There are 2 protein chains.
Amino acid sequence: MLSKKTKYGIKALAYLAKRTDKTPVQTAEIARSENISPKFLESILLNLRKSGFLGAKKGKGGGYYLIKDPKEIQMTSVIRVLEGPIAMLPCVSLNYYEKCEDCPDEVTCSVHKLMIQVRDSTLKVLGENTLADLA
Amino acid sequence: MLSKKTKYGIKALAYLAKRTDKTPVQTAEIARSENISPKFLESILLNLRKSGFLGAKKGKGGGYYLIKDPKEIQMTSVIRVLEGPIAMLPCVSLNYYEKCEDCPDEVTCSVHKLMIQVRDSTLKVLGENTLADLA
DNA sequence: TTAATAACCTACTATTCCGATAGGGTAATA
DNA sequence: TATTACCCTATCGGAATAGTAGGTTATTAA
């Protein structure tokens, strides 16, 4: 299950991508429009800024704005930053790999093989979709 | 991410499916072989029995055994019983649907559309794989 | 220069879930 | 009738989630 943090983050990015002009948008405006707790959203947008998706401007008329072209932003990268691994098991994760303690051999592990298939099909969908497709 | 409960459950089912004869297998044997905490596994197998995947026999020579043919057991049904929803959001779940409070309209929701695609591709993989394929 | 604005940062909290453990009860077998 | 092994309930520490609170800093406009 996707965390609300990730869901809200995607919604906020899509909100920004929908806008025609790229002037900064305040956290409060996005929060109001998308029904998100303002303070919670604040921490998410900060996260997205630090990860290089958003730029920020302080003071009056300030806010957040997209840095890159929505077409260039794959949903895989968004989800990896907000949620973490896309795979359903650490031992099949490309970016957050961890060995299972209980599993002596990944090659013969039945669950492993299945979860690689799931990972690849998910990766395909999320890789084909960009922020532009959502907006 | 898949819970350990689900992972262990699948491993246990695969262990039973690998056996040629269908005599009962004790919890302790599966736990030893798959490196799972015996007591934890016990609750999982109980769960699988109540869900109709396993049969159980008490007393000496007792244990758990598969009720159905592994070819007939889709991984979707196993995961739904152990983990719950397969979808990444409640609002796109077929079997555990819940409306999002923050979302006024699912049809126009950007995240919703994306997660339906992810759900369908995952469902395809898990539906095509049966317990027999894992064993 | 000062007041207002809005991002930035730190810390805290309530709730829930996960992964397990403990300890006994019940039914079947030898 | 003793042993075996499933059955059931209850508990528990730790981690994560979903926020909340309160103050700091940088920018803008009056």
Side-chain angles (χ1 to χ4, degrees), chain A residues 1-12 16 23-32 34-51 53-67 79 82-85 88-90 96 98 100-103, chain B residues 1-12 16 23-32 34-67 82-85 88-90 96 98 100-103:
Chain A
M1 278 282 165
L2 229 53
S3 66
K4 295 208 171 179
K5 180 183 163 191
T6 303
K7 190 177 113 187
Y8 293 162
I10 296 174
K11 278 185 148 191
L16 292 173
T23 55
V25 181
Q26 298 155 31
T27 303
E29 179 186 327
I30 305 175
R32 217 180 308 115
E34 301 293 332
N35 295 305
I36 305 171
S37 154
K39 275 292 196 180
F40 190 30
L41 180 60
E42 201 178 303
S43 67
I44 297 167
L45 295 177
L46 199 57
N47 187 343
L48 288 169
R49 199 220 68 198
K50 288 182 180 169
S51 310
F53 291 100
L54 298 178
K57 203 186 161 197
K58 287 187 182 180
K60 186 162 192 178
Y64 291 96
Y65 52 92
L66 282 175
I67 286 181
I79 290 184
L82 292 169
E83 186 78 10
M88 293 185 92
L89 285 180
Y96 299 83
E98 267 177 70
C100 302
E101 319 94 63
D102 58 297
C103 199
Chain B
M1 278 282 164
L2 228 53
S3 64
K4 295 206 172 181
K5 179 183 163 191
T6 304
K7 189 175 114 186
Y8 293 162
I10 295 174
K11 280 186 148 190
L16 292 174
T23 55
V25 181
Q26 298 155 31
T27 303
E29 179 187 327
I30 304 176
R32 218 180 307 116
E34 301 293 333
N35 295 306
I36 306 171
S37 153
K39 275 293 198 180
F40 190 30
L41 179 61
E42 200 178 304
S43 67
I44 297 167
L45 295 178
L46 201 57
N47 187 343
L48 288 170
R49 200 221 66 197
K50 288 180 179 171
S51 310
F53 291 101
L54 298 179
K57 202 185 161 197
K58 288 186 180 178
K60 186 160 193 180
Y64 291 96
Y65 52 91
L66 282 175
I67 286 182
L82 292 169
E83 186 79 9
M88 293 185 93
L89 286 180
Y96 298 83
E98 268 178 70
C100 302
E101 319 93 65
D102 59 295
C103 200

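Just the heavy atoms: all of them, side chains too, but no hydrogens, waters or symmetry mates, feed the values below. These figures come from a predicted structure and were not determined experimentally. Below, chains carry the letters A, B, ... as their sequence lines are ordered, and counting in each starts from 1.
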- Message: Any carboxylate oxygen within less than 4.0 angstrom of a Lys/Arg side-chain nitrogen, looking at A/Lys4 and B/Glu101?
- Response: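 Yes.
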
Nucleotide [N], atom [atom2] - distance to [atom1] of [X] in whole Å:
X	N	atom1	atom2	result
B/Asp102	D/dT17	CG	C1'	15 Å
A/Glu101	C/dC18	CD	C1'	14 Å
A/Leu45	D/dG19	CG	C1'	15 Å
A/Leu41	D/dT20	CG	P	12 Å
B/Lys4	C/dT21	NZ	C1'	15 Å
B/Lys60	D/dT1	NZ	P	19 Å
A/Leu48	C/dA7	CG	P	14 Å
B/Asn47	C/dA20	CG	C1'	15 Å

I'd like to check [X] versus [Y] (side-chain heavy atoms, cut-off strictly below 4.5 Å). Are they in contact?
X	Y	value
B/Leu46	B/Leu54	no
A/Tyr64	A/Val25	no
A/Asp102	B/Lys7	yes

When you measure from the side chain of [X], which nucleotide among [options] comes out closest?
X	options	answer
B/Lys58	C/dG19, D/dC7, D/dT27	D/dC7
A/Gln26	C/dA6, C/dG19, D/dC8	C/dA6
A/Leu46	C/dC9, C/dA20, C/dA28	C/dC9

Within less than 4.0 Å of OP1 or OP2 of [N], is there a side-chain N or O belonging to [X]?
X	N	result
A/Tyr8	D/dA18	no
B/Tyr65	D/dC6	no
A/Ser43	D/dG19	no
B/Tyr64	D/dC7	yes
A/Lys5	D/dG19	no
B/Arg49	D/dC7	yes
B/Thr27	D/dC6	yes
B/Lys50	D/dC8	yes

- Item | Whichever of A/Leu2 and B/Lys57 has its nearest DNA chain D nucleotide further upstream toward 5' |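 Nearest nucleotide further toward 5': that of B/Lys57.
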
- Can any side-chain N or O of A/Thr6 pair as donor or acceptor with the backbone N or O of A/Leu2 at less than 3.5 Å?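 Flag not set: sc A/Thr6 to bb A/Leu2 has no pair under 3.5 Å.
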
- Assign B/Lys39 to base, sugar-phosphate, or nothing according to its heavy-atom contacts below 4.0 angstrom with the strands shown.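 Answer is base: heavy atoms of B/Lys39 come under 4.0 Å of a base.
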
- Message: Is it the case that C/dC8 (base atoms only) and A/Glu42 (side chain only) share a donor and an acceptor within less than 3.5 Å, ignoring hydrogens and angles?
- Response: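 Looking at the base of C/dC8, it does pair with a donor or acceptor on the side chain of A/Glu42 (distance under 3.5 Å).
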
- Message: Nearest 0.5 Å, please: how far is NZ in A/Lys5 from CD1 in A/Ile10?
- Response: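 Separation between the atoms: 12.0 Å.
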
- Task: Find which nucleotide of DNA chain C each of B/Pro38 and B/Glu83 is nearest to by heavy atoms, and output the residue with the more 5' nucleotide.
- Result: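 Residue closer to the 5' terminus by nearest nucleotide: B/Glu83.
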
